[in-house]
Amino acid sequence: MLQVQGVHTFYGRIEALRGVDIDVKEGEIVALIGANGAGKSTLLMTICGSPRAAEGRVVFDGQDITRRPTHEIMRSGIAHAPEGRRIFPRMTVLENLQMGALAAKPEHFNEDMERVFGLFPILKSRQGQRGGTLSGGEQQMLAIARALMSRPRLLLLDEPSLGLAPMIVKHIFQIIRDINRATRATIFLVEQNAFHALKLAHRGYVMVNGKITMAGTGQELLANREVRAAYLEGGH
Amino acid sequence: MAYFLQQMINGLTVGSMFGLIAIGYTMVYGIIGMVNFAHGDIFMVGGFIAIIAFMVLGLLGITWVPLALLCILILGMAFTALHGWVVERVAYRPLRGSNRLAPLISAIGMSIFLQNYVQLLQGARNKALPPIISGGIEVMDMGGFAVKLGYMQIVIVGLTIVLMIGFTLLISRTSLGRQQRACEQDMKMAWLLGVDVDRTIALTFVMGAGLAAVAGLVWLMYYGVIDFFVGYLAGIKAFTAAVLGGIGSLPGAMLGGILIGLIDTLWAGYFSNEYHDVATFAVLVLVLIFRPTGLLGKPEIEKV
(Lines give C-alpha, C1' and ligand atoms only; values in the text may rest on other atoms or scores of the structure.)
Protein backbone atom coordinates (compact mmCIF):
# COMPACT_ATOMS: atom_id res chain seq x y z
CA MET A 1 0.00 0.00 0.00
CA LEU A 2 2.81 2.41 0.90
CA GLN A 3 6.32 2.08 -0.48
CA VAL A 4 9.14 4.40 0.42
CA GLN A 5 12.03 3.80 -1.96
CA GLY A 6 15.51 5.18 -1.45
CA VAL A 7 14.29 8.43 0.05
CA HIS A 8 16.72 11.19 0.99
CA THR A 9 15.44 14.29 2.76
CA PHE A 10 17.32 17.43 3.73
CA TYR A 11 16.70 20.17 6.26
CA GLY A 12 18.79 22.91 4.76
CA ARG A 13 22.13 21.18 4.35
CA ILE A 14 21.54 18.55 6.99
CA GLU A 15 20.66 15.18 5.53
CA ALA A 16 17.91 13.86 7.81
CA LEU A 17 17.04 10.76 5.76
CA ARG A 18 19.82 8.91 3.97
CA GLY A 19 18.16 6.45 1.65
CA VAL A 20 15.18 4.97 3.46
CA ASP A 21 13.20 1.96 2.19
CA ILE A 22 9.92 1.02 3.84
CA ASP A 23 7.06 -1.18 2.71
CA VAL A 24 3.71 -1.08 4.46
CA LYS A 25 1.06 -3.55 3.34
CA GLU A 26 -2.69 -3.11 3.44
CA GLY A 27 -4.24 -3.77 6.86
CA GLU A 28 -0.95 -3.88 8.75
CA ILE A 29 0.23 -2.04 11.81
CA VAL A 30 3.86 -1.15 11.23
CA ALA A 31 6.02 0.49 13.90
CA LEU A 32 9.11 2.56 13.29
CA ILE A 33 11.33 2.82 16.35
CA GLY A 34 14.53 4.67 16.97
CA ALA A 35 16.20 7.23 19.18
CA ASN A 36 15.45 10.93 19.34
CA GLY A 37 16.60 12.67 16.18
CA ALA A 38 16.96 9.49 14.13
CA GLY A 39 14.67 10.93 11.45
CA LYS A 40 11.43 9.11 12.28
CA SER A 41 9.17 12.17 12.25
CA THR A 42 10.94 13.45 9.15
CA LEU A 43 10.04 10.23 7.37
CA LEU A 44 6.35 10.63 8.20
CA MET A 45 6.39 14.25 7.10
CA THR A 46 8.23 13.34 3.90
CA ILE A 47 5.43 10.90 3.08
CA CYS A 48 3.07 13.89 3.37
CA GLY A 49 5.31 15.93 1.06
CA SER A 50 6.49 18.46 3.64
CA PRO A 51 9.50 18.55 3.43
CA ARG A 52 9.85 16.95 0.03
CA ALA A 53 12.10 14.03 -0.67
CA ALA A 54 15.18 15.26 -2.51
CA GLU A 55 15.77 11.80 -3.94
CA GLY A 56 13.80 8.57 -4.12
CA ARG A 57 10.11 7.88 -4.42
CA VAL A 58 7.03 7.65 -2.21
CA VAL A 59 4.37 5.39 -3.70
CA PHE A 60 0.86 5.16 -2.25
CA ASP A 61 -1.70 2.79 -3.74
CA GLY A 62 0.52 2.32 -6.76
CA GLN A 63 0.74 6.05 -7.46
CA ASP A 64 3.88 8.11 -7.19
CA ILE A 65 3.00 10.90 -4.73
CA THR A 66 6.53 12.21 -4.20
CA ARG A 67 5.94 15.51 -5.96
CA ARG A 68 2.24 16.00 -5.33
CA PRO A 69 1.13 19.02 -3.24
CA THR A 70 0.64 18.20 0.43
CA HIS A 71 -3.06 19.02 0.51
CA GLU A 72 -3.69 16.65 -2.39
CA ILE A 73 -1.76 13.85 -0.72
CA MET A 74 -3.80 14.37 2.43
CA ARG A 75 -7.01 14.15 0.43
CA SER A 76 -6.06 10.88 -1.23
CA GLY A 77 -6.57 8.64 1.81
CA ILE A 78 -3.64 9.43 4.10
CA ALA A 79 -4.09 11.10 7.49
CA HIS A 80 -1.37 12.22 9.87
CA ALA A 81 -1.46 12.86 13.61
CA PRO A 82 1.87 14.67 13.73
CA GLU A 83 4.52 15.34 16.31
CA GLY A 84 3.37 17.74 19.02
CA ARG A 85 -0.33 16.93 18.29
CA ARG A 86 -0.86 20.32 16.69
CA ILE A 87 -4.40 20.81 17.89
CA PHE A 88 -5.84 24.14 16.76
CA PRO A 89 -5.74 25.88 20.14
CA ARG A 90 -8.44 28.48 19.57
CA MET A 91 -10.90 26.14 17.94
CA THR A 92 -13.33 23.97 19.82
CA VAL A 93 -13.00 20.20 19.91
CA LEU A 94 -15.89 19.99 17.44
CA GLU A 95 -14.24 22.46 15.06
CA ASN A 96 -10.99 20.51 15.23
CA LEU A 97 -12.93 17.42 14.21
CA GLN A 98 -14.62 19.35 11.41
CA MET A 99 -11.19 20.34 10.15
CA GLY A 100 -10.20 16.67 10.21
CA ALA A 101 -13.24 15.81 8.12
CA LEU A 102 -12.26 18.19 5.33
CA ALA A 103 -10.98 15.36 3.15
CA ALA A 104 -14.07 13.20 3.74
CA LYS A 105 -17.51 13.45 2.20
CA PRO A 106 -19.72 15.83 4.22
CA GLU A 107 -22.54 13.28 4.47
CA HIS A 108 -20.29 11.01 6.52
CA PHE A 109 -19.68 13.63 9.17
CA ASN A 110 -22.28 12.71 11.77
CA GLU A 111 -21.58 8.99 11.52
CA ASP A 112 -17.82 9.52 11.79
CA MET A 113 -18.24 11.87 14.71
CA GLU A 114 -20.30 9.30 16.59
CA ARG A 115 -17.62 6.72 15.82
CA VAL A 116 -14.75 8.78 17.26
CA PHE A 117 -16.89 9.77 20.25
CA GLY A 118 -17.41 6.03 20.77
CA LEU A 119 -13.64 5.54 20.80
CA PHE A 120 -12.96 8.60 22.95
CA PRO A 121 -16.04 9.35 25.08
CA ILE A 122 -14.22 12.15 26.90
CA LEU A 123 -14.15 14.19 23.69
CA LYS A 124 -17.92 14.08 23.48
CA SER A 125 -18.24 15.85 26.83
CA ARG A 126 -15.59 18.38 25.76
CA GLN A 127 -17.09 19.22 22.35
CA GLY A 128 -17.49 22.94 22.96
CA GLN A 129 -14.18 23.39 24.76
CA ARG A 130 -11.22 25.04 23.07
CA GLY A 131 -8.46 22.69 21.95
CA GLY A 132 -5.78 24.68 23.74
CA THR A 133 -7.42 24.09 27.12
CA LEU A 134 -7.42 20.28 26.92
CA SER A 135 -4.98 18.16 28.92
CA GLY A 136 -2.12 16.41 27.12
CA GLY A 137 -3.92 13.08 27.03
CA GLU A 138 -7.11 14.64 25.75
CA GLN A 139 -5.17 16.50 23.07
CA GLN A 140 -3.58 13.25 21.95
CA MET A 141 -6.99 11.61 21.72
CA LEU A 142 -8.28 14.59 19.76
CA ALA A 143 -5.29 14.41 17.41
CA ILE A 144 -6.03 10.75 16.63
CA ALA A 145 -9.77 11.40 16.41
CA ARG A 146 -9.19 14.33 14.05
CA ALA A 147 -7.02 12.15 11.80
CA LEU A 148 -9.72 9.45 11.77
CA MET A 149 -12.38 11.92 10.63
CA SER A 150 -11.02 11.84 7.08
CA ARG A 151 -11.66 8.05 6.87
CA PRO A 152 -8.03 7.38 6.06
CA ARG A 153 -6.88 4.14 4.48
CA LEU A 154 -3.42 4.88 5.83
CA LEU A 155 -3.07 6.45 9.27
CA LEU A 156 0.28 7.94 10.26
CA LEU A 157 0.80 8.39 13.99
CA ASP A 158 3.77 10.24 15.42
CA GLU A 159 4.55 9.30 19.03
CA PRO A 160 1.00 8.78 20.22
CA SER A 161 2.30 7.93 23.71
CA LEU A 162 4.57 10.94 24.19
CA GLY A 163 4.17 12.66 27.53
CA LEU A 164 1.22 10.58 28.66
CA ALA A 165 0.63 8.76 31.94
CA PRO A 166 1.20 4.96 31.72
CA MET A 167 -2.50 4.20 32.14
CA ILE A 168 -3.42 6.46 29.24
CA VAL A 169 -0.62 5.04 27.11
CA LYS A 170 -2.12 1.58 27.48
CA HIS A 171 -5.52 2.92 26.60
CA ILE A 172 -4.25 4.71 23.49
CA PHE A 173 -2.44 1.61 22.21
CA GLN A 174 -5.58 -0.45 22.78
CA ILE A 175 -7.55 2.03 20.73
CA ILE A 176 -5.00 1.96 17.92
CA ARG A 177 -5.44 -1.82 17.77
CA ASP A 178 -9.23 -1.41 17.74
CA ILE A 179 -9.05 1.13 14.92
CA ASN A 180 -6.94 -1.25 12.86
CA ARG A 181 -9.35 -4.14 13.47
CA ALA A 182 -12.61 -2.25 13.10
CA THR A 183 -11.87 0.00 10.11
CA ARG A 184 -9.17 -2.10 8.40
CA ALA A 185 -7.12 1.09 8.30
CA THR A 186 -3.44 0.53 7.76
CA ILE A 187 -1.38 2.13 10.51
CA PHE A 188 2.21 3.32 10.35
CA LEU A 189 3.36 4.62 13.69
CA VAL A 190 6.53 6.13 15.01
CA GLU A 191 7.40 5.49 18.66
CA GLN A 192 10.11 5.92 21.21
CA ASN A 193 8.13 3.64 23.48
CA ALA A 194 9.54 0.62 21.65
CA PHE A 195 8.11 -2.05 23.93
CA HIS A 196 4.46 -1.08 23.51
CA ALA A 197 4.88 -0.25 19.84
CA LEU A 198 6.49 -3.58 18.90
CA LYS A 199 3.98 -5.54 20.96
CA LEU A 200 1.20 -3.85 19.06
CA ALA A 201 2.70 -3.92 15.57
CA HIS A 202 2.69 -6.72 13.03
CA ARG A 203 6.04 -5.58 11.76
CA GLY A 204 8.66 -3.04 12.76
CA TYR A 205 11.62 -1.09 11.48
CA VAL A 206 14.51 0.34 13.44
CA MET A 207 15.96 3.66 12.34
CA VAL A 208 19.39 4.99 13.26
CA ASN A 209 20.76 8.27 11.93
CA GLY A 210 18.42 8.50 8.98
CA LYS A 211 18.80 4.88 7.86
CA ILE A 212 16.83 1.70 8.42
CA THR A 213 19.13 -0.70 10.23
CA MET A 214 16.77 -3.55 11.06
CA ALA A 215 13.40 -4.88 10.04
CA GLY A 216 11.25 -7.79 11.13
CA THR A 217 8.04 -8.81 12.79
CA GLY A 218 7.17 -7.20 16.10
CA GLN A 219 8.04 -10.40 17.97
CA GLU A 220 11.39 -10.81 16.21
CA LEU A 221 12.46 -7.28 17.03
CA LEU A 222 11.29 -7.59 20.62
CA ALA A 223 13.43 -10.68 20.99
CA ASN A 224 16.44 -9.23 19.19
CA ARG A 225 19.37 -8.65 21.51
CA GLU A 226 20.54 -5.39 19.91
CA VAL A 227 17.06 -3.94 19.97
CA ARG A 228 16.64 -4.96 23.59
CA ALA A 229 19.94 -3.38 24.57
CA ALA A 230 19.36 -0.15 22.69
CA TYR A 231 15.64 0.53 23.07
CA LEU A 232 14.11 -1.67 25.73
CA GLU A 233 16.30 -2.41 28.73
CA GLY A 234 16.93 0.44 31.09
CA GLY A 235 14.41 2.37 29.11
CA HIS A 236 10.72 2.43 29.72
CA MET B 1 -24.45 68.53 24.00
CA ALA B 2 -26.00 68.88 20.57
CA TYR B 3 -22.62 69.57 19.10
CA PHE B 4 -21.18 66.52 20.82
CA LEU B 5 -23.98 64.34 19.48
CA GLN B 6 -23.35 65.63 15.98
CA GLN B 7 -19.66 64.82 16.30
CA MET B 8 -20.49 61.34 17.54
CA ILE B 9 -22.72 60.71 14.52
CA ASN B 10 -20.00 61.93 12.17
CA GLY B 11 -17.33 59.93 13.99
CA LEU B 12 -19.36 56.75 13.84
CA THR B 13 -19.77 57.19 10.09
CA VAL B 14 -16.08 57.73 9.46
CA GLY B 15 -15.25 54.93 11.90
CA SER B 16 -17.43 52.48 9.97
CA MET B 17 -15.36 53.11 6.88
CA PHE B 18 -12.11 52.67 8.77
CA GLY B 19 -13.48 49.46 10.26
CA LEU B 20 -14.26 48.03 6.83
CA ILE B 21 -10.72 48.72 5.65
CA ALA B 22 -9.14 47.54 8.91
CA ILE B 23 -10.61 44.05 8.49
CA GLY B 24 -8.44 43.52 5.42
CA TYR B 25 -5.31 44.44 7.37
CA THR B 26 -6.16 42.31 10.35
CA MET B 27 -7.13 39.17 8.42
CA VAL B 28 -4.04 39.16 6.26
CA TYR B 29 -1.87 39.79 9.29
CA GLY B 30 -3.61 37.00 11.18
CA ILE B 31 -2.91 34.44 8.48
CA ILE B 32 0.49 35.28 7.06
CA GLY B 33 1.85 37.69 9.67
CA MET B 34 2.37 40.44 7.15
CA VAL B 35 1.14 44.04 7.08
CA ASN B 36 -0.29 44.53 3.62
CA PHE B 37 0.69 48.14 3.05
CA ALA B 38 -0.97 48.10 -0.36
CA HIS B 39 -4.37 47.59 1.24
CA GLY B 40 -5.11 51.31 1.54
CA ASP B 41 -4.49 51.63 -2.17
CA ILE B 42 -6.81 48.73 -2.86
CA PHE B 43 -9.43 50.81 -1.05
CA MET B 44 -8.60 53.73 -3.33
CA VAL B 45 -8.90 51.50 -6.40
CA GLY B 46 -12.31 50.47 -5.04
CA GLY B 47 -13.34 54.13 -5.00
CA PHE B 48 -12.22 54.63 -8.59
CA ILE B 49 -13.97 51.51 -9.80
CA ALA B 50 -17.11 52.85 -8.13
CA ILE B 51 -16.89 56.19 -9.89
CA ILE B 52 -16.32 54.48 -13.24
CA ALA B 53 -19.27 52.20 -12.55
CA PHE B 54 -21.43 55.23 -11.76
CA MET B 55 -20.58 56.74 -15.13
CA VAL B 56 -21.17 53.51 -17.03
CA LEU B 57 -24.53 52.97 -15.36
CA GLY B 58 -25.43 56.58 -16.07
CA LEU B 59 -24.68 56.02 -19.76
CA LEU B 60 -26.76 52.86 -19.74
CA GLY B 61 -29.62 54.82 -18.23
CA ILE B 62 -29.84 52.91 -14.99
CA THR B 63 -30.62 55.77 -12.66
CA TRP B 64 -32.99 54.27 -10.13
CA VAL B 65 -30.79 54.73 -7.07
CA PRO B 66 -31.25 51.43 -5.18
CA LEU B 67 -30.65 49.34 -8.31
CA ALA B 68 -27.69 51.45 -9.38
CA LEU B 69 -26.14 51.16 -5.91
CA LEU B 70 -26.61 47.42 -5.82
CA CYS B 71 -24.99 47.05 -9.24
CA ILE B 72 -22.09 49.26 -8.22
CA LEU B 73 -21.65 47.44 -4.97
CA ILE B 74 -21.39 44.08 -6.72
CA LEU B 75 -19.25 45.35 -9.62
CA GLY B 76 -17.00 47.33 -7.29
CA MET B 77 -16.46 44.37 -4.97
CA ALA B 78 -15.77 42.02 -7.87
CA PHE B 79 -13.25 44.21 -9.66
CA THR B 80 -11.51 45.39 -6.51
CA ALA B 81 -11.30 41.80 -5.28
CA LEU B 82 -9.66 40.95 -8.58
CA HIS B 83 -7.03 43.61 -7.86
CA GLY B 84 -6.50 42.13 -4.40
CA TRP B 85 -6.09 38.68 -5.86
CA VAL B 86 -3.59 39.83 -8.48
CA VAL B 87 -1.55 41.74 -5.89
CA GLU B 88 -1.29 38.63 -3.73
CA ARG B 89 -0.43 36.42 -6.68
CA VAL B 90 2.20 38.74 -8.13
CA ALA B 91 3.77 40.43 -5.13
CA TYR B 92 3.38 38.14 -2.11
CA ARG B 93 2.99 34.49 -3.04
CA PRO B 94 6.38 34.20 -4.76
CA LEU B 95 7.97 35.51 -1.56
CA ARG B 96 6.27 33.09 0.82
CA GLY B 97 8.74 31.27 2.99
CA SER B 98 11.39 33.92 2.54
CA ASN B 99 12.56 36.56 5.00
CA ARG B 100 9.72 38.35 6.83
CA LEU B 101 10.85 41.72 5.52
CA ALA B 102 10.68 40.75 1.85
CA PRO B 103 6.87 40.75 1.47
CA LEU B 104 6.68 43.94 3.53
CA ILE B 105 8.93 45.75 1.08
CA SER B 106 7.06 44.19 -1.79
CA ALA B 107 3.83 45.56 -0.26
CA ILE B 108 5.22 49.08 -0.14
CA GLY B 109 6.28 48.68 -3.75
CA MET B 110 2.81 47.48 -4.65
CA SER B 111 1.33 50.51 -2.90
CA ILE B 112 3.47 52.88 -4.97
CA PHE B 113 2.61 50.92 -8.10
CA LEU B 114 -1.15 51.10 -7.50
CA GLN B 115 -1.04 54.86 -6.88
CA ASN B 116 0.84 55.45 -10.11
CA TYR B 117 -1.29 53.01 -12.04
CA VAL B 118 -4.45 54.90 -11.10
CA GLN B 119 -2.76 58.25 -11.62
CA LEU B 120 -1.70 57.28 -15.13
CA LEU B 121 -5.05 55.80 -16.13
CA GLN B 122 -7.32 58.34 -14.44
CA GLY B 123 -5.20 61.45 -14.15
CA ALA B 124 -3.88 63.16 -11.05
CA ARG B 125 -6.80 65.51 -10.49
CA ASN B 126 -9.66 65.00 -8.06
CA LYS B 127 -12.64 63.14 -9.39
CA ALA B 128 -15.93 64.48 -8.12
CA LEU B 129 -19.28 62.78 -7.86
CA PRO B 130 -22.49 64.74 -7.38
CA PRO B 131 -24.36 63.67 -4.25
CA ILE B 132 -26.54 60.66 -4.92
CA ILE B 133 -28.11 60.32 -1.51
CA SER B 134 -28.63 63.68 0.13
CA GLY B 135 -30.75 65.09 2.89
CA GLY B 136 -31.30 63.67 6.31
CA ILE B 137 -33.30 63.71 9.47
CA GLU B 138 -33.11 66.49 12.00
CA VAL B 139 -32.68 64.57 15.23
CA MET B 140 -33.08 67.51 17.55
CA ASP B 141 -32.67 71.21 17.80
CA MET B 142 -30.98 72.63 20.87
CA GLY B 143 -30.36 76.29 21.24
CA GLY B 144 -30.29 76.92 17.56
CA PHE B 145 -27.94 73.99 16.76
CA ALA B 146 -29.65 71.32 14.72
CA VAL B 147 -28.27 67.80 15.01
CA LYS B 148 -28.55 66.15 11.63
CA LEU B 149 -28.38 62.51 10.73
CA GLY B 150 -27.80 62.28 7.01
CA TYR B 151 -29.41 59.51 4.98
CA MET B 152 -25.97 58.74 3.60
CA GLN B 153 -24.71 58.30 7.15
CA ILE B 154 -27.53 55.87 7.86
CA VAL B 155 -26.66 53.94 4.71
CA ILE B 156 -22.97 53.78 5.64
CA VAL B 157 -23.47 52.62 9.21
CA GLY B 158 -26.27 50.24 8.21
CA LEU B 159 -24.27 48.70 5.38
CA THR B 160 -21.26 48.32 7.65
CA ILE B 161 -23.30 46.56 10.33
CA VAL B 162 -24.80 44.15 7.79
CA LEU B 163 -21.40 43.38 6.27
CA MET B 164 -19.75 42.88 9.65
CA ILE B 165 -22.45 40.48 10.80
CA GLY B 166 -22.27 38.57 7.54
CA PHE B 167 -18.53 38.46 7.67
CA THR B 168 -18.40 37.33 11.29
CA LEU B 169 -20.79 34.50 10.47
CA LEU B 170 -18.69 33.55 7.46
CA ILE B 171 -15.55 33.30 9.58
CA SER B 172 -17.12 31.57 12.57
CA ARG B 173 -19.63 29.22 10.93
CA THR B 174 -18.57 28.18 7.44
CA SER B 175 -16.01 25.66 6.30
CA LEU B 176 -14.07 28.39 4.48
CA GLY B 177 -13.94 30.45 7.67
CA ARG B 178 -12.71 27.45 9.63
CA GLN B 179 -10.01 26.85 7.05
CA GLN B 180 -8.92 30.46 7.36
CA ARG B 181 -8.75 30.21 11.13
CA ALA B 182 -6.87 26.93 10.82
CA CYS B 183 -4.28 28.59 8.58
CA GLU B 184 -4.01 31.41 11.09
CA GLN B 185 -3.46 29.08 14.06
CA ASP B 186 -1.23 26.42 12.51
CA MET B 187 -0.55 26.65 8.81
CA LYS B 188 1.43 23.43 8.58
CA MET B 189 -1.31 21.43 10.27
CA ALA B 190 -3.84 23.01 7.90
CA TRP B 191 -1.83 21.62 4.96
CA LEU B 192 -1.76 18.22 6.67
CA LEU B 193 -5.55 18.16 6.89
CA GLY B 194 -5.94 18.83 3.20
CA VAL B 195 -6.43 22.60 3.23
CA ASP B 196 -5.15 24.27 0.08
CA VAL B 197 -3.36 27.00 2.03
CA ASP B 198 -2.36 29.06 -1.01
CA ARG B 199 -5.97 29.20 -2.14
CA THR B 200 -7.17 30.10 1.35
CA ILE B 201 -4.67 32.95 1.58
CA ALA B 202 -5.70 34.22 -1.86
CA LEU B 203 -9.34 34.17 -0.78
CA THR B 204 -8.43 36.15 2.33
CA PHE B 205 -6.98 38.87 0.13
CA VAL B 206 -10.06 38.74 -2.06
CA MET B 207 -12.40 39.11 0.91
CA GLY B 208 -10.38 41.94 2.42
CA ALA B 209 -10.35 43.74 -0.92
CA GLY B 210 -14.11 43.23 -1.26
CA LEU B 211 -14.73 44.99 2.03
CA ALA B 212 -12.27 47.73 1.11
CA ALA B 213 -14.23 48.19 -2.12
CA VAL B 214 -17.38 48.89 -0.13
CA ALA B 215 -15.43 51.38 1.96
CA GLY B 216 -14.16 53.00 -1.24
CA LEU B 217 -17.67 53.29 -2.62
CA VAL B 218 -19.20 54.85 0.49
CA TRP B 219 -16.18 57.11 0.96
CA LEU B 220 -16.69 58.43 -2.55
CA MET B 221 -20.39 58.99 -1.95
CA TYR B 222 -19.87 60.58 1.47
CA TYR B 223 -17.13 63.02 0.58
CA GLY B 224 -18.00 63.37 -3.09
CA VAL B 225 -14.38 63.44 -4.25
CA ILE B 226 -11.58 60.95 -4.64
CA ASP B 227 -8.02 61.08 -5.89
CA PHE B 228 -5.23 58.59 -6.41
CA PHE B 229 -3.59 59.47 -3.07
CA VAL B 230 -6.61 59.00 -0.81
CA GLY B 231 -5.66 55.43 0.06
CA TYR B 232 -2.48 56.45 1.78
CA LEU B 233 -3.90 58.33 4.75
CA ALA B 234 -7.11 56.32 5.00
CA GLY B 235 -5.04 53.13 4.79
CA ILE B 236 -2.68 54.12 7.57
CA LYS B 237 -5.58 55.22 9.75
CA ALA B 238 -7.33 51.91 9.18
CA PHE B 239 -4.07 50.15 10.00
CA THR B 240 -3.95 52.17 13.22
CA ALA B 241 -7.50 51.00 13.89
CA ALA B 242 -6.44 47.37 13.39
CA VAL B 243 -3.50 47.81 15.78
CA LEU B 244 -5.64 49.59 18.37
CA GLY B 245 -8.22 46.82 18.28
CA GLY B 246 -5.54 44.14 18.35
CA ILE B 247 -4.10 43.11 15.02
CA GLY B 248 -5.28 39.66 14.01
CA SER B 249 -8.59 40.10 15.82
CA LEU B 250 -11.71 40.58 13.75
CA PRO B 251 -13.93 42.21 16.40
CA GLY B 252 -10.84 44.25 17.30
CA ALA B 253 -10.67 45.71 13.80
CA MET B 254 -14.31 46.75 13.97
CA LEU B 255 -13.95 48.27 17.43
CA GLY B 256 -10.67 49.94 16.50
CA GLY B 257 -12.22 51.43 13.36
CA ILE B 258 -15.04 53.04 15.30
CA LEU B 259 -12.70 54.34 18.01
CA ILE B 260 -10.32 55.85 15.47
CA GLY B 261 -13.25 57.46 13.66
CA LEU B 262 -14.46 58.97 16.92
CA ILE B 263 -11.01 60.16 18.03
CA ASP B 264 -10.37 61.67 14.64
CA THR B 265 -13.68 63.49 14.49
CA LEU B 266 -13.85 64.61 18.10
CA TRP B 267 -10.32 65.96 17.97
CA ALA B 268 -11.10 67.89 14.84
CA GLY B 269 -14.36 69.13 16.34
CA TYR B 270 -13.06 70.23 19.74
CA PHE B 271 -9.37 70.98 19.39
CA SER B 272 -7.89 71.62 16.04
CA ASN B 273 -8.81 70.58 12.57
CA GLU B 274 -5.18 70.72 11.47
CA TYR B 275 -3.97 68.23 14.02
CA HIS B 276 -6.57 65.46 13.89
CA ASP B 277 -4.24 63.18 11.95
CA VAL B 278 -1.59 63.72 14.58
CA ALA B 279 -4.08 62.70 17.27
CA THR B 280 -4.81 59.45 15.44
CA PHE B 281 -1.19 58.56 14.99
CA ALA B 282 -0.41 59.48 18.58
CA VAL B 283 -2.86 56.72 19.44
CA LEU B 284 -0.85 54.33 17.26
CA VAL B 285 2.34 55.27 19.08
CA LEU B 286 0.75 54.95 22.52
CA VAL B 287 -0.80 51.58 21.74
CA LEU B 288 2.45 50.23 20.37
CA ILE B 289 4.32 51.37 23.48
CA PHE B 290 1.87 50.42 26.22
CA ARG B 291 -0.34 47.70 24.79
CA PRO B 292 1.17 46.21 21.64
CA THR B 293 -1.45 43.45 21.53
CA GLY B 294 -4.23 46.04 21.27
CA LEU B 295 -7.56 46.09 23.04
CA LEU B 296 -8.84 42.68 21.97
CA GLY B 297 -5.63 41.10 20.71
CA LYS B 298 -4.10 37.99 22.15
CA PRO B 299 -0.53 37.65 23.34
CA GLU B 300 1.88 36.00 20.92
CA ILE B 301 2.84 33.17 23.23
CA GLU B 302 0.74 30.05 23.06
CA LYS B 303 0.65 27.04 25.33
CA VAL B 304 2.04 24.19 23.27
Side-chain angles (χ1 to χ4, degrees), chain A residues 41 44-45 47-52 68-92 94-104 106 109 130-136 139 142-143 145-152 155-156 158 162-163, chain B residues 26-27 29-33 89 93-94 96-99 168-204 246-253 293-294 296-304:
Chain A
S41 299
L44 291 190
M45 289 302 284
I47 293 168
C48 301
S50 166
R52 285 218 183 274
R68 283 177 67 186
T70 297
H71 67 275
E72 283 181 21
I73 296 174
M74 307 320 286
R75 282 169 179 266
S76 68
I78 300 181
H80 188 10
E83 192 176 15
R85 297 157 193 150
R86 303 192 93 133
I87 297 303
F88 297 113
R90 292 184 301 282
M91 282 195 196
T92 63
L94 185 63
E95 286 176 322
N96 269 281
L97 293 176
Q98 285 174 318
M99 284 306 299
L102 211 60
F109 183 76
R130 285 178 168 217
T133 64
L134 298 179
S135 74
Q139 286 195 356
L142 179 55
R146 183 176 62 182
L148 285 174
M149 288 302 288
S150 69
R151 299 203 162 188
L155 177 61
L156 307 175
D158 197 336
L162 189 72
Chain B
T26 223
M27 290 220 318
Y29 185 87
I31 290 194
I32 53 177
R89 196 72 189 77
R93 193 183 294 184
R96 202 156 298 146
S98 66
N99 185 313
T168 307
L169 289 176
L170 177 74
I171 296 294
S172 62
R173 299 282 162 81
T174 66
S175 176
L176 173 63
R178 263 198 307 279
Q179 292 180 45
Q180 287 180 306
R181 284 182 289 141
C183 291
E184 180 229 318
Q185 294 177 27
D186 188 341
M187 197 178 283
K188 195 159 196 176
M189 192 64 225
W191 279 117
L192 287 177
L193 292 172
V195 177
D196 186 345
V197 174
D198 283 336
R199 182 177 151 269
T200 308
I201 293 173
L203 281 174
T204 305
I247 196 150
S249 154
L250 214 54
T293 55
L296 303 180
K298 54 223 164 239
E300 284 275 315
I301 304 142
E302 285 277 337
K303 181 185 153 197
V304 183

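Throughout, a chain's letter reflects where its sequence line sits, starting with A, and its residues are numbered from 1.
Among the residues in residues 194-202 of chain B, those with a non-hydrogen atom closer than 4.5 angstrom to a non-hydrogen atom of chain A are G194(B), V195(B), D196(B).
Contact record, I31(B) with M187(B): O-CE, 3.4 Å, taken as the closest heavy-atom pair.
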Would you please test R75(A) and L102(A) for side chain to side chain contact (heavy atoms under 4.5 Å, CB included) and show each step? CA-CA 8 Å; R75(A) 282 169 179 266; L102(A) 211 60; 3.7 Å; yes
Let's go through M99(A) and M189(B) carefully: what are the C-alpha distance in whole Å and the side-chain angles of both, what is the deciding distance for side chain to side chain contact (heavy atoms under 4.5 Å, CB included) to 0.1 Å, and is it a yes or a no? CA-CA 10 Å; M99(A) 284 306 299; M189(B) 192 64 225; over 6 Å; no
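Interface remark: M45(A) contributes side-chain atoms only to the contact with chain B (heavy atom separation under 4.5 Å).
A donor-acceptor pair under 3.5 Å is formed between the side chain of T70(A) and the backbone N or O of C48(A).
Of the listed residues (R146(A), M149(A), H80(A)), the greatest number of heavy-atom pairs within a distance under 4.5 Å of chain B belongs to R146(A).
Contacts of R181(B) classified as side chain to side chain donor-acceptor pair (under 3.5 Å), with partners at least two apart in sequence or in another chain: E95(A). Partners of Q98(A) according to the side chain to side chain donor-acceptor pair (under 3.5 Å) rule, which considers only residues two or more places apart in sequence or in another chain, are R178(B).
For residues 77-88 of chain A, every residue pair satisfying the salt bridge (charged side-chain N to carboxylate O under 4.0 Å, His left out) rule, not counting sequence neighbours, is listed here: R86(A)-D186(B).
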